[in-house]
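Indexing begins at 1, ligand by ligand and atom by atom, following the structure's order. No hydrogens, no waters, no symmetry mates; every other heavy atom, side chains included, goes into these values.
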Amino acid sequence: MEKVCILGLGYIGLPTAGLLAAKGFSVHGVDKNPKVVDAVNNSYPHIHEPGLSNLIKLTVQSGNLVASLEPVHADIFIITVPSLITKEHLPDITHIKEAIHAIAPYLIPGCLVIIETTVPVGTTEKIANWLSQLRRDLIIPSITSTISRIDKEKQIFLAHCPERVSPGRTLIELVENSRVIGGIDQLSGQKAYLFYKHFVCGELFITNARTAELTKLTENSFRDVNIAFANELSLICANLGINVWELLKLANSHPRVSILDPGPGVGGHCLPKDSWFIKHAAPELARIIHTAREINDCMPNQIIVQIKSKAAFFQEPVIACLGLTYKSNTDDLRESPALKIVKQLLDENVGEILIIEPHIDALPKALANHDRVKLVDLQEGLAQANLVVLLVAHDTFKNIEENILKKKVVVDTRGMWLLPD
Ligand SMILES: NC(=O)c1ccc[n+]([C@@H]2O[C@H](COP(=O)([O-])OP(=O)(O)OC[C@H]3O[C@@H](n4cnc5c(N)ncnc54)[C@H](O)[C@@H]3O)[C@@H](O)[C@H]2O)c1
């Protein structure tokens with residue numbers, strides 16, 4: 001049984017660990033957060049993802065999945081720790097550096113190191129350099145190296161294979177999505193290909209590490225730019241007195257037009273960050289990408305202006321905010337525009353705020369210091385509010401009766417209810 005050591009048991013690492021353990025690998029999951037390690041070892045995933053609870057229970061109980069604070073010797077190392085951007089929008093790969101330092105003592109000749117985290121272009125080469133410094137006894141391939149027959153016995157392999165799943169569908173997409181594998185050299189690419197072939201039924205494309213890095217950034221930036229186009233149209237429509245949802249329905253009836261939906265901004269851990277990674281790599285050239293970022297970043301403020309103008313109708317506004325997560329049907333609050341909007345409304349004391357977010361049990365820390373906010377259920381929120389703001393298109397909000405909404409002042413940032421103007 002091949003041994004896999006995975007660093008970072010979050011939204012990506014934990015489902016991957018469970019899946020590999022179910023496929024018969026002996027999986028050693030590592031996280032620097034002891035709470036995560038304890039939760040996994042007690043068969044209790046700390047994140048919500050369809051199918052994950054059962055998978056973790058089965059694989060921990062079978063003995064194929066163990067969590068720990070420290071790595072072990074393994075045949076395959078997978079890095080799924082986060083990459084970040086600083087406040088100044090610069091790439092921060094500190095977690096990756098830490099993870100590479102942590103695994104370095106445990107690498108054995110012939111092992112394969114895979115970076116699944118989305119990274120700035122050139123990071124896999126940087127990792128090869130770090131490993132060459134940390135393990136002078138091993139041969140670490142690089143894009144330029146040719147390895148002699150004797151050295152091959154001391155060689156390890158290194159590849160970047162960015163994760164492409166969408167939370168909420170992670171366990172399905174880990175298997176079904178096609179994947180891009182960027183070997184630091186050809187042999188590393190082939191080694192990684194053989195590994196993914198065990199559990200991926202989507203197509204596997206082998207390329208070099210830099211191309212794989214930019215491919216992933218491009219995918220997320222594509223969505224960021226296209227959402228910015230939709231958001232810009234929504235601002236233009238508001239200015240011209242045109243219903244943007246009707247406009248999009250009509251424009252999208254053209255066989256070669258497919259505009260995405262506008263909304264209150266772009267959040268999550270990935271999309272905003274990845275566009276900044278491209279901007280950082282080519283500051284003079286990434287002009288559309290940069291402008292798109294600026295448009296998406298200004299959307300929460302635009303929505304706040306709309307909400308404030310409607311709240312001004314009431315002497316005592318009671319605002320039901322539907323959804324707090326960064327996208328529909330998830331519990332993930334990272335970089336959520338909805339959360340930014342609510343926080344700003346509270347900071348400006350716009351009214352009493354009722355949060356309706358069926359995917360969380362308690363309000364996040366960012367809102368904890370405010371006393372004019374409560375987490376309530378849908379029924380209570382709709383009964384008490386005079387202003388209803390839809391921020392996230394969770395499925396549960398689809399079936400709210402039109403009769404109820406007609407009695408309220410409504411701001412629908414997702415075009416879910418399409419009420420007549
Ligand atoms: N979440 C997504 O939808 C998604 C999709 C595709 C790609 N990705 C990529 O995957 C990366 C990870 O995302 P995520 O959502 O799983 O993050 P996450 O925050 O849910 O999980 C990361 C985990 O890594 C742990 N960690 C941090 N540094 C560590 C270290 N040095 N050693 C061991 N553990 C460490 C953290 O404690 C945390 O539990 C992202 O940065 C992104 O590049 C994410």
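- In summary, the side chains of Ser166 and Lys327 do present a donor paired with an acceptor at a separation below 3.5 Å, with no hydrogens or angles considered.
- In terms of polar-atom proximity, defined here as any N/O pair under 3.5 Å, Thr118 does make such a contact with ligand 1.
- Using a 4.0 Å cut-off between charged nitrogen and carboxylate oxygen, Lys32 and Glu98 count as a salt-bridge pair.
- Here Lys308 pairs with Glu348 in a salt bridge; the nearest charged N to carboxylate O distance falls below 4.0 Å.
- Near Glu98, with a cut-off below 4.0 Å to any heavy atom, the atoms of ligand 1 are 31 (N).
- Protein heavy atom in closest approach to atom 24 (O) of ligand 1: Gly8 CA, 3.3 Å.
- Here the protein heavy atom with the shortest distance to atom 28 (N) of ligand 1 is His95 ND1, 3.3 Å.
- Closest protein heavy atom to atom 30 (C) of ligand 1: Val81 CG1, 3.7 Å.
- For the residue pair His359 / Asn329, no side-chain donor-acceptor distance below 3.5 Å is found, with atom types taken as modelled.
- Residues Arg164 and Ser178 bring a donor and an acceptor atom of their side chains to less than 3.5 Å of each other.
- Here the side chains of Glu246 and Leu250 are in contact, with some heavy-atom distance below 4.5 Å.
- Using a 4.5 Å heavy-atom threshold, the side chains of Asp347 and Lys343 count as touching.
- Considering backbone and side-chain atoms together, Tyr11 places an N or O closer than 3.5 Å to an N or O of ligand 1.
- For ligand 1, the polar-atom distance check finds no N/O of Arg164 at less than 3.5 Å from any of the ligand's N/O atoms.
- The protein atom (non-hydrogen) at minimum distance from atom 33 (C) of ligand 1 is Lys32 N, 3.5 Å.
- In Thr80, the part holding a heavy atom less than 4.0 Å from any atom of ligand 1 is the backbone.
- Closest to atom 41 (O) of ligand 1, if we only count protein heavy atoms, is His269 NE2, 2.7 Å.
- Looking at atom 2 (C) of ligand 1, its nearest protein heavy atom turns out to be Ile12 CD1, 3.8 Å.
- The shortest N or O to N or O distance between Pro82 and ligand 1 is not below 3.5 Å.
- Remark: distances from the non-hydrogen atoms of Lys216 to ligand 1 include one below 4.0 Å.
- Between Glu163 and Arg179 there is a salt bridge, since a side-chain N of the basic residue sits under 4.0 Å from a carboxylate O of the acidic one.
- Protein heavy atom at the shortest distance from atom 7 (C) of ligand 1 is Glu163 O, 3.5 Å.
- Distances from ligand 1 to the non-hydrogen atoms of Ala99 include at least one value under 4.0 Å.
- For ligand 1, the polar-atom distance check against Ser83 finds a nitrogen or oxygen pair separated by under 3.5 Å.
- Contact atoms of ligand 1 toward Pro167: 3 (O) (distance under 4.0 Å to a heavy atom of the residue).
- Checked for salt-bridge contact, Glu125 and Arg210 meet the test: a charged N lies under 4.0 Å from a carboxylate O.
- For the 3.5 Å distance criterion, the side chains of Ser275 and Asp224 qualify, holding a donor opposite an acceptor.
- Under the 6.0 Å cut-off for aromatic ring centres, Phe25 and His198 qualify, their centroids lying closer than that.
- Between Asn208 and Thr211, the side chains place a donor N or O and an acceptor N or O closer than 3.5 Å (distance only, hydrogens not considered).
- Ion pairing between a basic and an acidic side chain is recognised when a charged N comes within 4.0 Å of a carboxylate O; Asp38 and Lys35 show no such pairing.
- Comparing Asp31, Leu271, Ile103 by heavy-atom distance to atom 25 (C) of ligand 1, the nearest is Asp31.
- Every atom of ligand 1 with a heavy atom of Arg334 under 4.0 Å away is listed here by number and element: 1 (N), 14 (P), 15 (O), 17 (O), 18 (P), 19 (O), 20 (O).
- Using a 3.5 Å distance cut-off with no hydrogens or angles, the side chains of Glu116 and His160 do not pair a donor with an acceptor.
- The aromatic rings of Phe195 and Phe199 stand perpendicular to each other, their planes meeting at an angle above 60°, with 30° marking the opposite boundary.
- Residue-ligand proximity, Val165 to ligand 1, at heavy-atom distances under 4.0 Å covers atoms 5 (C).
- Considering both main-chain and side-chain atoms, Glu116 never comes within under 3.5 Å of ligand 1 through any nitrogen or oxygen pair.
- Each of the following atoms of ligand 1 lies closer than 4.0 Å to a heavy atom of Lys273: 40 (C), 41 (O), 42 (C), 43 (O).
- With a 4.0 Å cut-off on non-hydrogen atoms, Ser166 does not touch ligand 1 at all.
- Considering backbone and side-chain N/O atoms, Asn33 never comes within less than 3.5 Å of an N/O atom of ligand 1.
- Here is the list of ligand 1 atoms found below 4.0 Å of a heavy atom in Gly10: 16 (O), 18 (P), 20 (O), 21 (O), 23 (C).
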